[in-house]
4 protein chains.
Amino acid sequence: MSDAPVTDVGGIAGERLRSIIERIERLEEDKKGIADDIKDIYAEAKGTGFETKILRQIIRLRKMEKNDRQEQDALLELYKAALGME
Amino acid sequence: MSDAPVTDVGGIAGERLRSIIERIERLEEDKKGIADDIKDIYAEAKGTGFETKILRQIIRLRKMEKNDRQEQDALLELYKAALGME
Amino acid sequence: MSDAPVTDVGGIAGERLRSIIERIERLEEDKKGIADDIKDIYAEAKGTGFETKILRQIIRLRKMEKNDRQEQDALLELYKAALGME
Amino acid sequence: MSDAPVTDVGGIAGERLRSIIERIERLEEDKKGIADDIKDIYAEAKGTGFETKILRQIIRLRKMEKNDRQEQDALLELYKAALGME
DNA sequence: ATTGCGGTTTTTGCCC
DNA sequence: GGGCAAAAACCGCAAT
């Protein structure tokens, strides 16, 4: 069992809690705003004849490829470091 | 079965496709950035004695309450519409 | 990579697999039956002048409120646990 | 815009509304109970070495095949009816 | 390491 | 068939 993590209920800790919550909520709103923007683009694309499903597949595929490339790069860095190539 | 939605492969449609994809990918990156910011806040909060699990629960609860209020409003609108109160 | 989870193809494991599948399928049927019952009630209500859309909204709202309460309780439990009140 | 669907607010219609809502909510609960049972079976199966993902695929496949068969049967009935084979 | 859990996304079904 | 809500599948974190 854990000890009481924050003992100062209602005091300065309460203020910090409020700050944390609000910062997160603010960011969550931003995130939702962007998600909505993305949805709009999909809707617009659909309206001009593109298929949402295919678009999503392309996005996913490119993301995977990008991740692969990053892994490659990381591996390369590792090798270089191991060889003292800075 | 649907026809090919975009026939002009390599032409202007290809350009528009590229634009759509890139706009979405840009926004996805932004979204990820914000998600990372949120994670940072949780990590920081945890480092100063708050429990992540509780924080998340509070956020979720507040979000649901907000949704409730929005649904209440939507329901009220529905009733008004149903009663011809426009 | 995971090993083959069930090696005894055709043997006892096959029998257990069949049992699992059939139990799930049976329950899925029951679930579908209930879903159909719900649809019937909506249809009947609509036939006597209620608007389905509003009914669904009410149901959803009440469900969310119930969830809120449950989350409240869960949060309270979390707090108690965090304070060592077991 | 639609006319007022239920004029007797608070009277007998209110009683009927309550009845409808409660019947639906009751059935929704039942449905949820069954869904939970299904989840339990998946969890149990996983605990004894089956892969949930595969199990779900099997279920889906069998369901499709069953639907196909039902469509086949319906088609057959149609033909028979068209041929007066009753 | 692995398993549960929360969030997100994708699919499905429903109603219009 | 097209939009909308519900369900399911997938993913990623976190805790153990």
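Chain letters run A, B, ... following the sequence lines, proteins first and then strands; every chain starts at 1. Every value quoted in this text rests on a predicted model; they were computed, and no experiment measured them.
Distance, D:Leu61 CG to F:dA9 P: 14 Å, rounded to whole Å. In this entry the distance linking CD1 of C:Ile54 with P of F:dC4 reads 18 Å, nearest Å. Separating the CE atom of C:Met64 from the P atom of F:dA5 is a distance of 12 Å, rounded to the nearest angstrom. Straight-line distance from the CD atom of D:Glu25 to the C1' atom of F:dA6: 16 Å, rounded to whole Å. Atom CD1 in D:Ile59 sits roughly 18 Å away from atom P in F:dA7 (whole-Å rounding).
Applying the side-chain hydrogen bond (donor to acceptor under 3.5 Å, both in side chains) test to every pair with at least one member in residues 35-45 of chain C, sequence neighbours left out, gives these pairs: C:Lys32-C:Asp36, C:Glu44-D:Arg23.
Annotation: side chain to side chain contact (heavy atoms under 4.5 Å, CB included) contacts of D:Lys80 (sequence neighbours excluded): D:Leu76, D:Glu77, D:Met85. Considering only residues two or more places apart in sequence or on other chains, A:Glu71 meets the salt bridge (charged side-chain N to carboxylate O under 4.0 Å, His left out) condition with none of them. Legend: residues meeting side chain to side chain contact (heavy atoms under 4.5 Å, CB included) with B:Glu25, ordered by chain and number and at least two apart, are A:Ile59, A:Arg62, B:Ile21. For D:Arg60, the salt bridge (charged side-chain N to carboxylate O under 4.0 Å, His left out) criterion is met by no residue, not counting sequence neighbours.
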If a protein heavy atom is under 4.0 Å from the base, mark B; if only from the sugar-phosphate, S; if neither, -; do that for nucleotides 6-16 of chain E going 5' to 3'.
-SSSSS-SSSS
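Between the side chains of B:Gln72 and C:Gln57, not a single donor N or O lies within less than 3.5 Å of an accepting N or O.
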